[in-house]
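Here is how names work: the chains are called A, B, and so on, in the same order as the sequence lines, proteins then strands, and each is numbered from 1. What you see below is based on every heavy atom in this structure, not just the backbone, and it leaves out hydrogens, waters and symmetry mates.
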Protein chains: 2
Amino acid sequence: MLPTQLSENRAAATATPQSMEAGRQRQGRLWSNLKEVCDLLHIPSAAAINSEELLFQHVQFKTGQRIHTIGQPFDTLYIVNSGFLKTVLIDEFGNEQVLSFPMKGDMLGVDGIHSCQYASEAVALSDCDLILLPFKKLTALGRVHLELENMMYGVMSRELVREQAMIGMLGALSAEARVARFLVSLAERFSQMGYSSKLFNLRMTRHEIGSYLGLTLETVSRTLSAFNEIGLITVDQRTIGIKDPEALKTLRRLPPSRSRAKSAASRSKAAADAAAAAATTSTAAPAAQPAQLVATA
Amino acid sequence: MLPTQLSENRAAATATPQSMEAGRQRQGRLWSNLKEVCDLLHIPSAAAINSEELLFQHVQFKTGQRIHTIGQPFDTLYIVNSGFLKTVLIDEFGNEQVLSFPMKGDMLGVDGIHSCQYASEAVALSDCDLILLPFKKLTALGRVHLELENMMYGVMSRELVREQAMIGMLGALSAEARVARFLVSLAERFSQMGYSSKLFNLRMTRHEIGSYLGLTLETVSRTLSAFNEIGLITVDQRTIGIKDPEALKTLRRLPPSRSRAKSAASRSKAAADAAAAAATTSTAAPAAQPAQLVATA
DNA sequence: CGATAGGTTGAATTTTTTCAATTCCAGTGG
DNA sequence: CCACTGGAATTGAAAAAATTCAACCTATCG
């Protein structure tokens, strides 16, 4: 594999550089110490922790495997070390409602603390490497290592803030704005993880995206096509290229379709309209700049 | 005031029996001990706590007052002892997005832990009595009183589960189903608080309900009228009577409007339709039974 | 008692979904 | 190696759901 390649995300799905760094082989599995866990969660680990003793076990899941199911007794939290997942609620007719798409650095299972049963189901969308955090052990440890306790509260609060933002989005935004923000937030996540924020592969189906955003898969597909048509993004199946992140960030509604339908030549005009409709101060992107390729960590 | 009265909720807005129980006058304010706090949160307080020393201060807010605002430095959590509030997000144009309607036993401010700034704004919808929990003090105490620590994790996790349910609702349900569930969950909250679950007053405007449910105020109003028309509820401004809680709980979509419009006499037929459309096993409610009045605690 | 915010209702319009018809692709087995 | 197959994705047209705009009503509060 070349260090620069299009299918960068597929790399994360198997053995990543990261999972090599943050873990040591032992008894045929991987383990991480407290510092590595804190780093993964972006918690300043305050050095003071001398804990080659305190190790947390990793577990690998293959694509499609279930990490936990609804109602299953809760006893451990998980941190995503590599890979991509979805968490879902199942309604009375067995329909899935996607709640989140956890990836590197995210915590899973927090919703199980309250009732001692997981309240959602987590499924691997790619091969995954997760770190196990036995909850009892964790809280006990938290009483000794203050930064760990802060970490716990911080991560749970962050999760809550994220869900609040989600509620705000579902409650207030149009279909187009939801899809736009979804793309932007994905791009930001990838960027944080050291991947390209300009070109990436979606790990989930249109159906899953739709469920997550409260839309049908057709609406998602149409919206992506529309964004492509006015030059905000490029779409090829699950490969997305972000062309105008600023316009996506502030987009509220697309210009009326007639201004798109008129002619293919009016592309730049349509993009300008979109930016205007977005009530943004950002300048329209200077056409298609060459997509930045992958920076392998 | 009579012990049984229609405006039961208004009582909670001022001096309730509860706020008398759970608090003692001292220095002209109210204070609660740890046991009272735990009781309020429905946490088994494990007796062992001998803490007439450990007291938490109450603060009163008048209708319309702001408890905290977005961006304000975080240092304290709040527990609602009495009264009703809303929490909101403010978008870039100053529009409010309602996130929750906290009431007795709910915790406020958890979203501030992560970034040390409150992420939402809390506003009193009625006169309120809140208990202050200085966060630093609380975590320190948590290390000594294990049940308190568990309480913290439990409450935060519960909040998360609640928001997940909200996301599921916004993502998957029709306007009618959302309004129905909103009424049911309100009824349940009131019931838990010792009020009638059959007759209560809404504390919030149609606009606020709409924002909370991701609908316009007109849609909320129309939906309430429709529920009234088919006998699921009675509506008179902010006074809601619940007639058929089972149908509301399982309702997915209303029967087509023509079956409602045909004649006022077809009422029971329409109600049966609604129950059928709800795919529920519950029997349709036996017409209007006299509304149960208030049980004052 | 008039001003005003909240609430209801109707009609037109827009947005999103539903249904249906293809197309595209990845994987499988001949 | 290539034709098949089935899930995923796209696209169009019709239908349904929800919003918008507007008019009007009704409580409440100075």
Side-chain angles (χ1 to χ4, degrees), chain A residues 7 10 13 63-64 86 95-96 125-126 170-180 201-211 213-229 233-240 251-261 277, chain B residues 6-7 10 62-64 86 95-96 98 125-126 170-180 201-211 213-229 233-240 251-261 277:
Chain A
S7 58
R10 183 152 302 274
T63 303
K86 66 174 175 181
N95 303 316
E96 288 192 354
L125 293 181
S126 70
L170 291 175
L173 297 188
S174 68
E176 285 127 13
R178 291 182 209 181
V179 174
N201 286 314
L202 300 175
R203 288 265 132 20
M204 58 297 279
T205 67
R206 301 287 191 265
H207 181 78
E208 287 165 336
I209 297 172
S211 172
L213 298 177
L215 303 170
T216 60
L217 67 94
E218 292 96 332
T219 300
V220 173
S221 179
R222 271 187 248 276
T223 305
L224 291 175
S225 296
F227 286 173
N228 178 57
E229 216 170 333
I233 65 174
T234 60
V235 191
D236 175 41
Q237 297 291 117
R238 297 206 180 170
T239 303
I240 301 285
L251 182 142
R252 302 236 115 210
R253 51 173 28 101
L254 241 28
S257 60
R258 59 188 163 289
S259 72
R260 271 176 277 151
Chain B
L6 272 177
S7 59
R10 184 153 303 275
K62 292 242 178 68
T63 302
K86 66 174 176 181
N95 302 316
E96 287 192 355
V98 175
L125 294 181
S126 70
L170 291 175
L173 298 188
S174 68
E176 285 124 15
R178 291 183 208 179
V179 174
N201 286 314
L202 300 175
R203 288 265 129 24
M204 60 296 279
T205 66
R206 301 289 191 264
H207 182 77
E208 286 163 337
I209 297 172
S211 171
L213 297 176
L215 304 169
T216 59
L217 67 95
E218 291 98 331
T219 300
V220 173
S221 178
R222 272 187 249 276
T223 305
L224 291 175
S225 297
F227 287 172
N228 177 57
E229 216 169 331
I233 65 174
T234 59
V235 190
D236 175 41
Q237 297 293 116
R238 298 207 179 170
T239 303
I240 302 285
L251 182 141
R252 303 235 115 211
R253 50 171 29 99
L254 242 27
S257 60
R258 61 188 160 288
S259 71
R260 269 176 279 151

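- Counting only heavy atoms from C-beta on, Glu176(A) has its side chain closest to dT16(C) among dC24(C), dT9(C), dT16(C).
- Between Arg238(B) and dG6(C) there is no side-chain polar atom (N or O) within less than 4.0 angstrom of OP1 or OP2.
- Proximity of Ser221(A) to the phosphate of dA9(D): no side-chain N or O atom is located under 4.0 Å from OP1 or OP2.
- Here dT20(D) presents its C1' atom at 14 Å from NE2 of His207(B), a figure rounded to the nearest Å.
- Within 4.0 Å of Glu218(B), counting heavy atoms only, lies at least one base atom of the nucleic acid.
- Among the protein residues, Thr205(A) comes within range of the sugar-phosphate backbone only, with heavy atoms under 4.0 Å from sugar or phosphate atoms but none that close to a base.
- When atom types are taken as modelled, the side chain of Arg178(A) and the backbone of Leu173(A) share a donor-acceptor pair closer than 3.5 angstrom.
- For Val235(A), taking side-chain heavy atoms from C-beta onward, the closest of the listed nucleotides dT17(C), dT19(D), dT10(D) is dT10(D).
- In this model, a donor atom of one side chain and an acceptor atom of the other lie less than 3.5 Å apart for Thr239(B) and Asn201(B).
- As a whole-Å value, the separation of Leu224(A) CG from dT11(D) P is 10 Å.
- In this structure, Val220(A) and Asp236(A) both approach DNA chain C, and ranking their closest nucleotides by distance from the 5' end singles out Val220(A).
- Of the two residues contacting DNA chain C, namely Gln237(A) and Leu215(A), the nearest-nucleotide position lying further toward the 5' end is that of Leu215(A).
- Atom CZ of Arg206(B) and atom C1' of dT8(C) are 9 Å apart (whole Å).
- Rounding to the nearest 0.5 Å gives a distance of 11.0 Å between CG of Leu224(B) and CD of Gln237(B).
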Give the C-alpha distance, both sets of side-chain angles, the deciding distance and a yes or no for salt bridge (Lys or Arg N to Asp or Glu O under 4.0 Å) between Glu96(B) and Lys86(B).
-> CA-CA 11 Å; Glu96(B) 287 192 355; Lys86(B) 66 174 176 181; 2.9 Å; yes
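- In this structure, Leu125(B) places its CG atom 14 Å from C1' of dG6(C), rounding to the nearest Å.
- Nucleic acid contact class of Gly214(B) (heavy atoms, under 4.0 Å, all strands): sugar-phosphate only.
- In this structure, Leu202(B) places its CG atom 16 Å from P of dA27(D), rounding to the nearest Å.
- For Thr219(A) and dT17(C), the shortest distance from a side-chain N or O to OP1 or OP2 is below 4.0 Å.
- As rounded to whole Å, 18 Å separates atom P of dA17(D) from atom CG of Leu213(B).
- Side chain of Ser225(A) to main chain of Ser221(A): a donor-acceptor pair is present (N/O by atom type, distance under 3.5 Å, no hydrogens or angles).
- Atoms CZ (Arg222(A)) and C1' (dT17(C)) sit 8 Å apart, rounded to a whole Å.
- Atom pair Leu173(B):CG and dA17(D):P shows a separation of 14 Å (rounding to whole Å applied).
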